[in-house]
2 protein chains.
Amino acid sequence: MNKIEKNSQSGRTYGGESAAERLARQRQTFMDAGLELFGTVGYRATTVRMLCKEAGLIDRYFYKTFTDTEDLLAAVYTESLDQIQTQVLAAINATGSEPITAKHIELGLEAFFSAFENSRVARVCWLEVLGVSPRIDTLYISRIQEFAELLLRLGKSMMSNWPLGEEETRITGIALVGAISQSAMQWLLDDYRSPRATLVSANGRLIRGLFNTPSH
Amino acid sequence: MNKIEKNSQSGRTYGGESAAERLARQRQTFMDAGLELFGTVGYRATTVRMLCKEAGLIDRYFYKTFTDTEDLLAAVYTESLDQIQTQVLAAINATGSEPITAKHIELGLEAFFSAFENSRVARVCWLEVLGVSPRIDTLYISRIQEFAELLLRLGKSMMSNWPLGEEETRITGIALVGAISQSAMQWLLDDYRSPRATLVSANGRLIRGLFNTPSH
DNA sequence: TACTTCTGATGACGCTTGTCGTCAAATAAC
DNA sequence: GTTATTTGACGACAAGCGTCATCAGAAGTA
């Protein structure tokens with residue numbers, strides 16, 4: 001009875017790490033392994049065994065933090081996007097505050113495409129998360145919309161009066177994100193053939209075109 | 001020896017069908033089953049057994065036409081896009097020939113989004129084909145580029161002089177396709193909440209904005 | 001030093017998969 | 001009517017999967 005009742009919350013230090021530190025390190029190790037494998041061989045081809053081998057840990061520690069590979073995928077995706085979003089916002093804010101100009105947009109795009117020069121990140125964020133499960137779909141939707149809202153916030157503040165209704169505004173934002181992300185995707189699938197500046201320029205032009213067009 | 005050497009090219013009629021007719025019907029049945037399953041439960045969750053059950057045929061006839069489920073996916077994807085492309089072109093051509101106007105674009109978009117109101121087609125074309133394999137990736141790339149070139153051909157003929165270089169033109173086309181397809185994808189994932197006209201309008205505005213913007 | 005906890009290696013289980021073989025019934029050809 | 005082909009139902013097989021249990025050794029704790 002004394003052995004069965006252990007709930008392993010004892011939390012001893014081991015190898016110079018506290019229980020919390022060990023858990024955090026294991027988690028991060030699996031996150032790295034996930035990004036590596038999801039971003040190369042792909043999510044559907046990645047197994048728990050492969051993740052453990054890549055991480056140099058055993059499955060017990062995988063299941064301690066994640067329920068399954070889909071859970072890990074969600075975590076990797078979320079963290080990657082968080083990082084990118086932070087970088088993009090930093091680039092925009094570093095440009096100086098209001099009013100928002102085309103220069104802000106350009107630097108934001110620059111930061112965005114820079115981040116996706118990491119092919120593993122790019123593959124996970126644009127290819128691997130799609131069509132996995134309703135849960136991941138929901139996550140994807142909300143992230144795309146988040147990006148769209150950021151873009152619209154910037155764009156609107158470049159224009160004196162915004163002519164579109166709410167629904168059409170929402171879709172326009174999503175379309176813009178789609179333009180940028182499709183560029184990134186094709187860039188990846190094309191082995192980053194074009195220079196980054198061309199991507200930035202083409203998408204910048206698209207955005208400027210929109211925010212200068214009269215309602216009809 | 002007489003049984004082993006049979007190469008089953010005899011081709012008898014059976015059930016009122018010639019060998020070629022039977023093969024064609026079986027193929028089409030599996031294509032339908034593929035669209036149904038890939039478009040609902042998804043490609044990675046679809047097995048040969050499920051396809052056979054859905055098709056009402058046994059695996060022998062599956063392997064006679066397709067090497068594996070990936071092969072079927074490629075076929076379903078190709079056929080779906082062929083159909084849509086035909087419909088879009090028909091809508092544009094029905095509008096009357098040169099010069100290309102915004103009306104042509106609008107009707108093309110209308111046809112495009114109409115086709116993707118079939119959620120199975122939409123799911124296969126936008127979600128399920130991504131991140132499957134290098135072969136499917138290649139197929140996807142070439143199809144996207146094909147659409148992009150069509151769009152650029154229309155757009156260019158709306159402008160007196162096209163200011164962009166080759167590489168930037170290519171990426172701009174891909175970005176436009178991305179805008180449209182991301183709209184379609186979100187439309188699908190959102191259970192077709194918005195009216196189709198809003199999708200057409202938002203994307204039409206984006207395209208017009210681009211083709212009216214000065215080089216800088 | 002004695003005891004407990006943590007770790008990694010290994011193997012086992014139940015399940016699903018792709019794929020193939022067998023066999024009897026249906027159909028066509030001679 | 002006899003023979004050959006086509007079909008569907010069914011089962012078998014190896015392989016790979018997620019998951020769990022066991023066990024010996026390493027590393028703390030008392």
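These figures come from a predicted structure and were not determined experimentally. All chains are named by letter (A, B, ...) in the order of the sequence lines, taking the proteins before the strands, and each is independently numbered beginning at 1.
Among the protein residues, E17(B) comes within range of no part of the nucleic acid, since none of its heavy atoms lies under 4.0 Å from any strand.
Rounded to a whole Å, the CG atom of L57(B) is 15 Å from the P atom of dT6(D). When the C1' atom of dT27(C) is taken as reference, atom CZ of R22(B) falls 10 Å away, rounded to whole Å. Between I58(B) atom CD1 and dC23(C) atom P there is a gap of 16 Å when expressed in whole angstrom units. The NZ-P distance, from K53(B) to dA9(D), rounds to 11 Å in whole Å. Here dT19(D) presents its P atom at 16 Å from NZ of K64(A), a figure rounded to the nearest Å. With rounding to whole Å, Y61(B) atom OH is found 5 Å from dT6(D) atom C1'. Rounded to whole Å, the distance from CZ on R44(A) to C1' on dT17(C) is 18 Å. E21(B) places its CD atom 13 Å from the P atom of dT7(D), with the value rounded to the nearest Å.
Here the side chain of E128(A) pairs a donor or acceptor atom with the backbone of Y43(A) at under 3.5 angstrom.
Between R120(B) and D32(B), no side-chain nitrogen of the basic residue sits less than 4.0 Å from a carboxylate oxygen of the acidic one, so the salt-bridge criterion is not met. With salt bridges taken as basic N to acidic carboxylate O contacts below 4.0 Å, none links D137(B) and R123(A).
With hydrogens and angles ignored, a donor-acceptor pair under 3.5 angstrom links the side chain of R49(B) to the base of dT19(C).
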Working for side-chain contact (heavy atoms from CB on, under 4.5 Å), residues L130(A) and Y140(A) = CA-CA 8 Å; L130(A) 294 169; Y140(A) 174 79; 3.5 Å; yes

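Using modelled atom types and a 3.5 Å distance limit, the side chains of E167(A) and S194(B) yield a donor-acceptor pair. A side-chain N or O of E70(B) and one of S133(B) form a donor-acceptor pair less than 3.5 Å apart. In the model, Q26(B) has no side-chain atom that pairs as donor or acceptor with a side-chain atom of T65(B) under 3.5 Å.
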Sequence-aligned protein contact record of nucleotides 20-30 of chain D, with B where the base is within under 4.0 Å of a protein heavy atom and S where only the sugar-phosphate is | B-B---BBBS-

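Residue whose closest nucleotide on DNA chain D sits further toward the 5' end, between D68(A) and Q26(B): Q26(B).
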